[in-house]
Amino acid sequence: MLEFKNISKSFDGPEGKVIALKDVSLSVSPGELLAVRGPSGCGKTTLLLTAGGLLRPDGGQVSLNGQDPYGLNPDERSKLRARMIGFVFQQFHLIPYLTVRQNILAPSLALPVKEVDERAEELISHFGLDSRAGHVPAQLSTGERQRTALARALLNRPKVILADEPTGNLDEANADIIFSYFSQYVADGGCVLLVTHDVRAAAHATRTLQMVEGQIVQYG
Amino acid sequence: MKIWQILVKEILHRWRQFALGLFAVIVAVGSLTGALTSLKVHDLHTQKILTEKEEETNKKMAILEDEMRKATLKLSFNLLILPKQQSIRDLHLKGYPSEYMPEEYVTRLANSGIISVRHFLPSLQQRIKWPEKRRTITLVGTRGEVPNLHKNPRQPLVQPVPPGTIVLGYGLHQSLGLKVGDKVKLLGREFAVHECYEERGSVDDFTAWIHLREAQELLSKEGLINAILALECLCPGVEDLLGNIRKEIEQILPGTQVIEKGTKALARAEARIRVGQEAKAAVERERQHRAEMRSEREFFAAVLVPLVMVACAVWVGLVGFNNVRDRKAEIGIQRAMGFRARQIMFLFLSKSLIMGLLGGALGIFAGLGFGRWLALEGDIEGIAAGELFNPGLFLLALITAPVLTVISGWLPAMVATRQDPAEVLREE
Ligand SMILES: Nc1ncnc2c1ncn2[C@@H]1O[C@H](COP(=O)(O)OP(=O)(O)O)[C@@H](O)[C@H]1O
Ligand SMILES: [Mg+2]
């Protein structure tokens with residue numbers, strides 16, 4: 001489903017070139033939750049954004065459902081993202097002036113979703129947000145915010161979830177809710193690429209990779 | 001979920017920022033419509049002032065004309081129409097005409113359509129001995145006015161002397177000790193004194209006036225007169241006035257001659273024309289003054305308004321950049337969700353458009369008030385706000401303002417679409 005072949009990416013920092021990804025190759029198949037673990041600054045976020053078609057690599061090939069997102073024009077790349085991918089971030093990135101329901105519905109503006117209102121209500125009740133559907137993010141707890149973000153990522157029934165430290169701001173109980181949903185999603189045939197420095201993640205992953213200074217160092 | 005919901009919610013969420021932008025649009029549109037409105041107010045004022053001035057002038061002229069009429073009347077006549085055979089030398093030597101023409105001439109003249117003469121006074125005059133009082137007087141038979149039928153019928157200029165009455169000059173009633181109502185005999189006929197004139201210092205002081213018919217009978221000159229006084233012979237602006245009237249009259253009454261009387265009247269008529277011209281020049285000077293004021297205001301508007309508009313456009317642009325900066329995370333996540341650049345552009349430009357339309361509409365009303373204030377000249381109450389409202393201006397503002405905001409919002413919107421989503425999404 002998602003494949004990296006010899007991906008490299010470097011940035012121009014104030015003290016010369018910073019290598020963020022160095023010859024990274026990996027693949028995530030349907031039914032798989034791949035956790036990439038590593039210390040801060042090792043290139044995890046770079047890896048995730050590259051996978052999501054938001055950051056063009058310097059070298060190597062990305063394949064998403066058989067398509068290279070960087071071989072498409074910007075509009076098609078956006079469409080591919082809207083159709084295939086759900087993002088979850090540590091910072092939630094909810095739109096502050098929209099209600100929970102509207103945030104969850106927002107992706108349907110990028111690409112129409114079938115029976116979108118039913119789908120949204122289903123996700124709202126699944127994540128226990130019924131009493132919160134009309135609230136704006138500032139009125140929510142962090143756990144509710146992340147559940148809202150996850151529900152939003154799932155609206156278009158994506159084939160791939162890209163999650164960047166999704167539990168970084170959450171307590172144990174809320175982290176467990178997220179992880180257990182990932183497990184269920186994977187069991188239903190989805191695939192998740194999870195990047196984190198959280199050791200707990202390993203317990204929910206079907207496979208774990210270790211990353212150091214832009215390189216995959218340990219295949220698990 | 002519709003995209004306009006995002007638009008509206010975002011505006012409400014960051015309403016202070018929106019209000020700042022809106023304010024700039026109101027200022028821009030307000031200064032534009034304000035400047036145009038102040039010119040309109042100025043024009044209305046100018047019109048009012050000039051109309052008042054003109055009315056005042058016309059009123060003054062009317063009073064002047066009335067006075068002239070009376071003055072001309074006191075001089076008795078302007079032109080004298082005499083039988084052709086009348087020697088002018090004789091006339092001046094004797095002081096009265098001695099040749100005769102049919103009374104019917106007056107009617108003919110009145111019906112002829114001559115327009116340069118307003119009033120005709122037929123008269124029969126003769127120097128006679130007043131046998132009963134043993135003195136020489138000038139006896140004048142007069143019929144009062146024969147109005148020119150082709151002119152507006154006016155009130156009679158001359159009090160006609162009613163039959164059976166007599167009007168006496170100053171020298172006569174003084175020396176004879178007569179007063180109004182007294183009976184006096186003349187050539188064997190009894191007359192009641194109808195009026196005693198004030199002193200005039202002329203031959204009039206030794207003149208007696210009776211009705212024309214009775215004069216004709218007493219002097220045995222039935223159906224005859226020897227002069228027609230043509231009063232208010234005037235048509236301003238025509239050169240050689242006298243020559244023209246003379247020609248005209250001599251054509252209608254071939255057996256007559258026309259001489260000028262009362263040059264003083266003509267001089268006054270000329271003075272009247274001069275006063276009229278002077279009054280017109282005063283109105284013209286006022287008009288010029290107002291035009292100068294207007295061009296000053298135009299200059300002010302032409303320089304200041306574009307400056308304000310440019311400043312406001314820059315301000316709207318800055319507010320736009322501020323908005324883009326505040327929405328960095330939002331744009332990033334929207335891109336991650338698969339929003340296309342065009343949709344991001346739409347969100348920002350629509351906001352600019354709404355700001356422009358709303359600011360334009362509000363700016364017009366601000367401008368109307370501002371314009372009235374700019375053009376304040378005392379009695380502004382004379383001009384209603386409704387009188388200033390102009391659909392064309394409304395349309396202009398409603399088009400100008402959104403064009404302005406969309407242009408100003410273009411660059412920030414471009415920046416928003418070009419923004420790298422990775423930059424904000426990477427933040428921890
Ligand atoms: N835009 C950028 N410019 C310069 N350096 C960057 C940029 N983005 C990331 N980096 C660097 O690349 C390395 C990897 O960053 P990142 O992928 O965010 O690490 P992680 O998510 O594992 O903490 C870091 O050293 C970071 O400083
Ligand atoms: Mg990171």
Side-chain angles (χ1 to χ4, degrees), chain A residues 9 11 20 40-41 44-46 48-50 52-56 74-99 101-111 113 116-117 120 136 149 152-153 155-156 158 162 164-165 168-169 197, chain B residues 1-21 319 322-351 354-355 413-428:
Chain A
K9 174 76 185 174
F11 298 100
S40 188
K44 302 184 298 293
T45 300
T46 306
L48 193 98
L49 294 176
T50 306
L54 287 169
L55 197 61
R56 184 184 290 275
D75 276 4
E76 284 172 341
R77 189 156 60 243
S78 291
K79 259 191 201 153
L80 180 69
R81 213 161 36 232
R83 198 172 61 240
M84 300 284 298
I85 298 171
F87 279 100
V88 184
F89 297 95
Q90 180 177 358
Q91 302 295 344
F92 322 128
H93 290 309
L94 295 173
I95 297 177
Y97 47 84
L98 297 183
T99 63
R101 180 179 283 110
Q102 288 169 331
N103 264 289
I104 292 171
L105 283 165
S108 68
L109 296 176
L111 197 74
V113 173
V116 68
D117 291 317
V136 291
R152 176 179 67 185
L155 184 80
N156 58 348
L162 300 175
D164 189 353
E165 308 276 12
N169 282 328
H197 63 260
Chain B
M1 184 70 186
K2 294 279 179 296
I3 199 140
W4 64 260
Q5 282 177 289
I6 292 192
L7 202 60
V8 172
K9 285 228 164 185
E10 197 277 330
I11 288 172
L12 295 176
H13 181 63
R14 299 197 177 88
W15 66 268
R16 279 188 197 86
Q17 209 175 46
F18 187 75
L20 276 180
V319 168
N322 211 39
N323 190 236
V324 170
R325 206 188 57 206
D326 287 356
R327 294 170 76 176
K328 244 181 161 159
E330 196 182 314
I331 297 162
I333 196 67
Q334 281 166 343
R335 296 312 299 267
M337 278 182 224
F339 276 54
R340 273 148 285 154
R342 220 177 315 131
Q343 290 179 291
I344 305 290
M345 191 85 176
F346 173 83
L347 279 173
F348 280 89
L349 289 186
S350 303
K351 188 176 176 182
I354 289 171
M355 189 184 280
M414 283 302 284
V415 168
T417 62
R418 297 269 164 92
Q419 184 195 297
D420 180 9
E423 202 181 305
V424 26
L425 295 176
R426 115 167 27 253
E427 282 163 16
E428 284 173 7

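A, B, ... follow the sequence lines: proteins, then strands. Residue 1 opens every chain. For the numbers below, each heavy atom of this structure counts, side chains included, while hydrogens, waters and symmetry mates do not.
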Which atoms of [X] come close to chain B, meaning under 4.5 Å heavy atom to heavy atom: side chain ones, backbone ones, both, or neither?
X: L109(A); answer: both
X: T50(A); answer: neither
X: E165(A); answer: neither
X: L54(A); answer: both
X: R77(A); answer: neither
X: P107(A); answer: both

Rounded to the nearest 0.5 Å, what separates atom [atom1] in [X] from atom [atom2] in [Y]?
X: I95(A); Y: M337(B); atom1: CD1; atom2: CE; answer: 4.5 Å
X: F92(A); Y: I333(B); atom1: CZ; atom2: CD1; answer: 12.0 Å
X: Q334(B); Y: S78(A); atom1: CD; atom2: OG; answer: 11.5 Å

Could you tell me which non-hydrogen atom of [X] sits nearest to which non-hydrogen atom of [Y], and how far apart they are?
X: F11(A); Y: R426(B); value: CZ-NH2, 3.3 Å
X: Q102(A); Y: Q5(B); value: NE2-NE2, 3.7 Å
X: R14(B); Y: Y97(A); value: NH1-CE2, 4.0 Å

Check: Has H197(A) got more than 12 heavy atoms of other residues, nucleotides or ligands less than 6.0 Å from its NE2?
Finding: no
Next item on the list: Could you tell me whether the side chain of D75(A) reaches within less than 4.5 Å of the side chain of R342(B), counting heavy atoms only?
Entry: yes
Item checked: Pairwise side-chain contact, E10(B) with L98(A), heavy-atom cut-off 4.5 Å (strictly under) -> no
Notebook entry, point to check: Between A106(A), A110(A), G86(A), P96(A), which residue shows the highest count of heavy-atom pairs closer than 4.5 Å to chain B?
Noted result: A110(A)
Next item on the list: Heavy atoms only, distances under 4.5 angstrom: which of Q90(A), K79(A), R152(A), R83(A) has the most pairs with chain B? Name it, please.
Entry: R152(A)
Next item on the list: Kindly say whether R335(B) contributes a backbone atom to a donor-acceptor pair with the side chain of R81(A) at under 3.5 angstrom?
Entry: yes
Notebook entry, point to check: Out of P421(B), A422(B), A336(B), which one racks up the most heavy-atom pairs below 4.5 Å with chain A?
Noted result: A336(B)
Margin query: Out of L12(B), L425(B), I3(B), return the one with the most heavy atom pairs under 4.5 angstrom to chain A.
Written below: L425(B)
